[in-house]
Amino acid sequence: MKKPARRDGTPDRNNNKKHRTDRSETGHRSGRSETSERSGRPDAAKSRSGRPDAAKGRSGPPDAAKSRSGRPDAAVATNKRGKPKSAKPQRAQTQAPKVSNAKPARHQHADTERPVGPPQGDGVRLQKVLAQAGVASRRAAEELISRGRVEVDGRIVIEQGLRIDPENAVVRVDGVRVVVQKDLVHLALNKPRGWQSTMSDDLGRPCVGDIVSERVAAGQRLFHVGRLDADTEGLLLLTNDGDLAHRLMHPSFEVSKTYLATVSGALERGVGKKLKEGVELDDGPAKVDTFTLLDINEGKSLVRVTLHEGRKHIVRRLFDAVGHPVIRLVRTDIGPVALGEQRPGTLRVLGRGEVGGLYGAVGL
């Protein structure tokens with residue numbers, strides 16, 4: 001039976017002993033807890049996540065006993081400090097953006113009610129085609145378009161960025177045809193006297209094919225426009241444009257050709273008039289378009305004649321018919337293309353204006 005406390009309020013010795021024992025046990029337990037916290041291990045009365053165990057009276061929803069990853073606390077991995085590892089971030093699944101290769105417009109105020117800019121699609125922008133054809137730079141080509149000086153397939157174009165098919169579109173600048181196909185070749189040759197107007201010769205004689213052999217070997221398919229006999233020298237066109245060559249040779253298109261002829265004898269005053277009025281030949285009448293007497297010296301006459309006839313040896317036959325055989329014959333012009341100071345046996349690439357003039361002469 002326990003002794004009652006003293007009247008002065010001093011507790012009994014036995015009670016003091018019991019209190020000391022309780023404090024010792026309490027301190028021992030708290031010491032273990034502090035030791036556990038210092039060593040990084042969670043207390044036995046707590047879960048691995050550092051929170052009181054749900055089984056010891058913790059209230060809350062059933063899912064509270066699970067980690068953020070959705071697994072039970074018992075299966076949650078911890079780091080070196082005893083704390084649960086955070087879940088790895090998941091890469092967000094985003095839809096690949098749609099890439100547009102269109103060039104941004106200068107003015108970004110878009111009108112949602114109607115499409116803005118030139119029609120899009122296959123083809124090459126018109127200003128780029130003009131720049132590649134050597135007409136002008138892209139900026140200058142845009143200026144030509146805005147001024148209404150460019151025509152595509154018979155229609156004047158003023159909008160910028162129009163796309164065309166360079167292989168089939170007919171482009172004109174100020175009415176002159178522009179050749180936009182990259183693979184087309186137009187050459188002017190000064191054929192020397194004594195050379196054959198053929199691409200090859202079975203007898204081994206020098207021919208036009210010898211002059212362009214390197215181009216042919218490189219893959220260019222060239223052919224001469226018309227012929228010049230071996231004794232005639234001067235301008236001969238070569239190209240791979242079959243449509244142009246056909247029209248240049250066809251008499252219905254009447255492409256003019258100019259010759260310098262040195263003929264025997266001093267020409268009388270009425271010879272030129274007779275040649276312009278027409279001379280009867282064995283295959284029908286023929287005449288020249290223009291006739292100019294340039295010089296008479298040592299029993300020879302130098303004349304310039306222009307005609308659109310394409311029959312064989314037509315110039316020689318005309319002068320034979322009036323009694324003045326040809327001694328030397330040089331072709332100097334075909335339509336807008338002139339021989340100029342080009343040396344015999346040399347080639348040159350026709351300029352844009354010359355090619356455009358040839359297309360215009362035959363209606364292309």
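The model shown is predicted, which means the values in this text are computed figures rather than measured ones.
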Expected output: side-chain Asp201 to main-chain Arg205 donor-acceptor under 3.5 Å: yes

Ile158 atom CD1: more than 12 heavy-atom contacts under 6.0 Å: no

Partners meeting side-chain contact (heavy atoms from CB on, under 4.5 Å) with Lys300 (sequence neighbours left out): Thr262, Ile327

Residue that, paired with Thr306, satisfies side-chain hydrogen bond (donor to acceptor under 3.5 Å, both in side chains) out of Asp289, Thr258, Asp333: Thr258

Heavy-atom side-chain contact between Thr198 and Arg227 under 4.5 Å: yes

Beyond-backbone contact of Leu339 with Asn190, side-chain heavy atoms, under 4.5 angstrom: yes

Transitive ILVMFWY side-chain link Val362 to Leu350, under 4.5 Å: yes

ring-ring contact (aromatic ring centres under 6.0 Å, His included) against His308, all qualifying residues, sequence neighbours excluded: none

Check: Lys191 side chain, Trp195 main-chain N or O, donor-acceptor pair, under 3.5 Å: yes

Minimum side-chain heavy-atom gap Arg328-Leu260 below 4.5 Å: no

Close side-chain approach of Leu347 and Ile211, heavy atoms under 4.5 Å: yes

Intermediate values then yes/no, salt bridge (Lys or Arg N to Asp or Glu O under 4.0 Å), Arg317 and Asp283: CA-CA 11 Å; Arg317 292 162 61 195; Asp283 56 351; 2.5 Å; yes

Whether over 12 other heavy atoms sit under 6.0 Å from Glu214 CD: no

Check: Thr239 and Val185 side chains under 4.5 Å, non-hydrogen atoms: no

Heavy-atom pair of closest approach, residues Ala230 and Gln196: CB-NE2, 3.5 Å

Hphob cluster co-occupancy, Val330 + Val326, side-chain heavy atoms under 4.5 angstrom: no

Validation row: Glu277, Lys287 side chains within 4.5 angstrom (heavy atoms): no

same_hphob_cluster(Leu329, Leu189) at 4.5 Å side-chain heavy-atom cutoff: no

Test item: Pro192 and Glu233 side chains (from C-beta on) under 4.5 Å apart, heavy atoms: no

Lys/Arg N to Asp/Glu carboxylate O, Arg147 vs Glu143, below 4.0 Å: yes

Verdict with reasoning, Val173 to Leu144, per side-chain contact (heavy atoms from CB on, under 4.5 Å): CA-CA 8 Å; Val173 177; Leu144 292 174; 4.3 Å; yes

Donor on one side chain, acceptor on other, Arg316 and Thr232, under 3.5 Å: yes

Set of side-chain contact (heavy atoms from CB on, under 4.5 Å) partners for Ile314, sequence neighbours left out: Leu281, Ala286, Leu307, Glu309, Arg311, Leu318

Hydrophobic cluster membership, Met249 vs Val315, 4.5 Å side-chain cutoff: no

Closest non-hydrogen atom pair between Glu354 and Ala338, with its separation: OE2-N, 4.3 Å

Between OG1 on residue Thr332 and CD on residue Gln342, distance to nearest 0.5 Å: 12.5 Å

Side chain proximity check, Val255 to His250, heavy atoms < 4.5 angstrom: no

Nearest-0.5 Å distance, CD of residue Glu142 to CZ of residue Arg125: 9.5 Å

Interatomic spacing from CG in Leu184 to CG in Leu244 - rounded to 0.5 Å: 9.0 Å

Euclidean distance, Leu302 CG relative to Asn297 CG, rounded to 0.5 Å: 10.0 Å

From CG (Leu293) to OG (Ser301), nearest 0.5 Å: 6.0 Å

Closest approach of Arg172 to Val170 (non-hydrogen atoms, all atoms of both residues): NH1-CG1, 3.3 Å

More than 12 heavy atoms of other groups within 6.0 Å of Leu294 CG: yes

Leu236 and Ser197: CA distance, side-chain angles, deciding distance, side-chain contact (heavy atoms from CB on, under 4.5 Å) verdict: CA-CA 9 Å; Leu236 184 66; Ser197 295; 4.2 Å; yes

Aromatic ring pairing Phe319/Phe291, orientation class (parallel under 30°, perpendicular over 60°, tilted between): tilted

side-chain contact (heavy atoms from CB on, under 4.5 Å) evaluation trace for Ile156 with Val150: CA-CA 6 Å; Ile156 295 178; Val150 181; over 6 Å; no

Interatomic distance, Leu162 atom CG to Gln160 atom CD [nearest 0.5 angstrom]: 10.0 Å

Leu187-Phe223 co-clustered via ILVMFWY side chain contacts under 4.5 Å: no

Taking every non-hydrogen atom, the tightest pair across Ala266 and Ile296: CB-CG2, 3.8 Å

Closest non-hydrogen atom pair, Leu358 against Ile334: CD2-O, 4.0 Å

Glu151 vs Val157, side-chain contact (heavy atoms from CB on, under 4.5 Å): CA-CA, chis, key distance, verdict: CA-CA 6 Å; Glu151 181 181 328; Val157 178; over 6 Å; no

Salt-bridge contact Arg163-Glu159 (side-chain N to carboxylate O under 4.0 Å): no

